[in-house]
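As the structure lists them, so they are numbered: ligands from 1, and atoms in each ligand from 1. Worth saying up front: this structure is predicted, and the values here are computed from it rather than measured.
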Amino acid sequence: MTHYRDTYACIRLDYIQDNVETLYQKVHKPFMAIIKANAYGHGYQQVANVLKDNPHISMFGVATLKEAIDLRNIGIQQDILVLGAIPIEDLDLVIRYDITLSLFSKDYMDEIQRLYHHHQPVKVHIKIDTGMNRIGIKSKKEFEDILSHCQNSIFQVDGVFTHFATADDPLQKEAYHRQIEMFYDVIGNHTFRYIHCQNSAAMMYHHDERSNLGRIGIAMYGIDPSGEECDELKQVMSLYTRVAMIKKVKKGERIGYGHTYTALEDEYIATLPIGYADGLIRANQGRQVYIAGHYYPIVGRICMDQMMVKVDENVHLHDRVEIFGEHISLARMAKELSTIPYEIVCLVSERVERIYQK
Ligand SMILES: *Cc1c(COP(=O)(O)O)cnc(C)c1O
């Protein structure tokens with residue numbers, strides 16, 4: 001197999017299955033597997049292919065209509081919910097590919113109704129906004145209004161759902177409880193095939209018996225939603241490269257664009273074939289990578305396709321370099337970058353080859 005370049009993400013598909021099982025043991029309910037954004041950067045095709053036969057996965061959730069159609073085109077047969085807004089002009093595709101919509105306002109409903117000219121019903125889950133203030137309806141009155149319009153109409157209501165803003169934060173438990181109470185208050189005595197509200201954090205840190213489907217996202221990829229280290233889950237993605245060149249520079253020589261690093265003594269500098277176009281953003285300058293049992297600092301600015309690391313005699317040409325993985329967790333990296341692990345894995349660009357391990 002041709003690799004073109006010594007930079008790759010290793011994806012442990014077996015860990016995905018293990019993480020699904022771990023979550024299942026907590027909540028004992030079926031899941032909607034969230035595989036938006038190319039399965040959080042892990043590669044939607046391979047991830048969907050292992051999940052489609054997992055007995056705990058009842059359906060899939062994505063962010064865009066394109067992502068939903070891509071799943072149909074690789075043969076996914078389960079229901080696919082698009083969590084975000086779909087342009088009304090694309091309604092034909094929604095029907096053709098049997099995609100489920102999020103119905104998030106009366107206006108949106110009216111627009112769909114106006115344009116609709118098919119025989120099949122439009123499958124929807126009604127989105128209730130209980131505190132995110134993103135999409136969704138905000139009152140029981142609107143909910144009842146939409147429900148009554150759904151009767152004997154083109155809409156087939158398969159579910160109702162909401163999304164938490166603070167389920168990952170132990171200091172904001174009250175906000176979580178306000179949201180979940182409002183959710184069940186709005187639903188009232190109505191029954192639905194799917195009632196869902198739990199994201200990964202809600203399943204890991206809270207209990208809820210009333211919903212019958214969990215939306216499993218970040219935890220499936222082995223990352224604790226709180227951004228903390230986690231023993232229970234297995235991190236699915238690791239990012240590696242290899243040393244392309246090592247050179248000795250003299251004390252006082254400068255490294256990279258802008259000459260932002262000056263060698264403090266005679267030093268070994270290794271060049272790695274990975275840069276910000278691979279998703280390793282420039283803010284990583286000064287952080288460390290792991291090579292042959294030791295940590296080494298990234299020196300100089302990260303270039304688009306390459307970067308430099310200050311090493312020593314222990315490091316050899318073609319040695320494997322861990323950017324994140326077993327020795328550098330995504331939790332640690334995210335903290336050092338003042339971000340969240342979600343962002344780091346989503347940014348690993350298409351150019352980085354994914355190597356899958358079953
Ligand atoms: C992305 C998303 C999820 C998954 O959240 P995680 O924190 O990754 O578990 C669940 N529900 C909605 C509406 C989402 O947009």
Side-chain angles (χ1 to χ4, degrees), residues 15-16 19-20 22-24 26-27 29-42 44 47-48 51 56-68 71 79-86 99-105 124-137 158-170 172 175-176 179-180 183 194-206 208 211-228 230 232-237 330-331 334 339-347:
Y15 286 180
I16 291 188
N19 294 330
V20 169
T22 299
L23 262 280
Y24 182 76
K26 282 186 189 296
V27 298
K29 60 180 82 170
F31 297 127
M32 175 192 300
I34 306 297
I35 54 173
K36 60 195 179 191
N38 196 27
Y40 293 39
H42 292 67
Y44 77 90
V47 173
L51 291 175
H56 302 315
I57 306 298
S58 292
M59 60 183 294
F60 290 93
V62 293
T64 70
L65 180 57
K66 170 76 164 59
E67 291 172 347
L71 285 182
D79 281 348
I80 303 170
L81 175 67
V82 177
L83 298 160
I86 288 176
I99 307 299
T100 306
L101 292 185
S102 293
L103 189 59
F104 57 85
S105 76
V124 299
H125 288 205
I126 301 175
K127 177 71 186 286
I128 303 173
D129 174 13
T130 57
M132 271 290 280
N133 276 311
R134 202 162 63 175
I135 53 171
I137 53 157
D158 283 344
V160 55
F161 72 113
T162 194
H163 191 49
F164 297 119
T166 67
D168 59 331
D169 186 353
Q172 300 201 62
Y176 165 86
Q179 283 199 259
I180 199 161
F183 182 51
Y194 292 120
I195 297 177
H196 51 109
C197 56
Q198 295 175 295
N199 53 4
S200 298
M203 286 188 270
M204 291 180 69
Y205 312 130
H206 300 274
D208 172 48
S211 60
N212 60 11
L213 185 75
R215 296 195 303 271
I216 184 177
I218 199 76
M220 186 165 71
Y221 305 101
I223 298 165
D224 193 303
S226 68
E228 297 300 323
C230 178
E232 253 183 313
L233 301 168
K234 300 179 181 171
Q235 186 177 302
V236 172
M237 190 194 291
L330 281 163
T339 182
I340 52 175
Y342 295 75
E343 196 176 42
I344 298 172
V345 286
C346 284
L347 283 179

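Relative ring orientation between H206 and Y176 is described as parallel, the plane-to-plane angle staying below 30° on a 0-90° scale split at 30° and 60°.
Under the 4.5 Å side-chain criterion, counting only non-hydrogen atoms from C-beta, M59 is in contact with Y194. Under the 4.5 Å side-chain criterion, counting only non-hydrogen atoms from C-beta, L81 is in contact with S102. Using a 4.5 Å heavy-atom threshold, the side chains of L51 and M220 count as touching.
The proximity of P225 to ligand 1, defined as any non-hydrogen pair under 4.0 Å, does not occur for either the backbone or the side chain.
Of the candidates F161, Y40, Y221, the one placing a heavy atom closest to atom 8 (O) of ligand 1 is Y40.
No option in I218, V345, V236, I340 other than V345 meets the side-chain contact (heavy atoms from CB on, under 4.5 Å) test with L330.
Taking a cut-off of under 4.0 Å to the non-hydrogen atoms of Y342, the atoms of ligand 1 that pass are 6 (P), 7 (O), 8 (O). Residue L83 approaches ligand 1 through these ligand atoms, each under 4.0 Å from one of its heavy atoms: 12 (C), 13 (C), 14 (C), 15 (O). Less than 4.0 angstrom separates some heavy atom of K36 from each of these atoms of ligand 1: 1 (C), 2 (C), 3 (C), 14 (C), 15 (O). The distance from ligand 1 to the heavy atoms of S200 drops below 4.0 Å at these ligand atoms: 6 (P), 9 (O). Those atoms of ligand 1 that come under 4.0 Å of a heavy atom in I218, given as number and element, are 6 (P), 7 (O), 8 (O), 9 (O).
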Query raised in the report: Run the side chain to side chain contact (heavy atoms under 4.5 Å, CB included) check on K127 and F161 step by step: do they pass?
Result: CA-CA 5 Å; K127 177 71 186 286; F161 72 113; 3.2 Å; yes
Requested in this report: Take H56 and V27, measure what side chain to side chain contact (heavy atoms under 4.5 Å, CB included) needs, and give me the verdict at the end.
Outcome: CA-CA 11 Å; H56 302 315; V27 298; over 6 Å; no
Requested in this report: Output, in order, the C-alpha distance, side-chain angles, deciding distance and verdict of side chain to side chain contact (heavy atoms under 4.5 Å, CB included) for Y205 and D169.
Outcome: CA-CA 9 Å; Y205 312 130; D169 186 353; over 6 Å; no
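At least one heavy atom of R134 lies less than 4.0 angstrom from ligand 1.
Here's the thing with I34: none of its N/O atoms is less than 3.5 angstrom from an N/O atom of ligand 1. The distance criterion of under 3.5 Å between nitrogen or oxygen atoms is not met by N199 with respect to ligand 1.
With hydrogens left out, the protein atom closest to atom 10 (C) of ligand 1 is R215 NE, 3.4 Å, a heavy atom.
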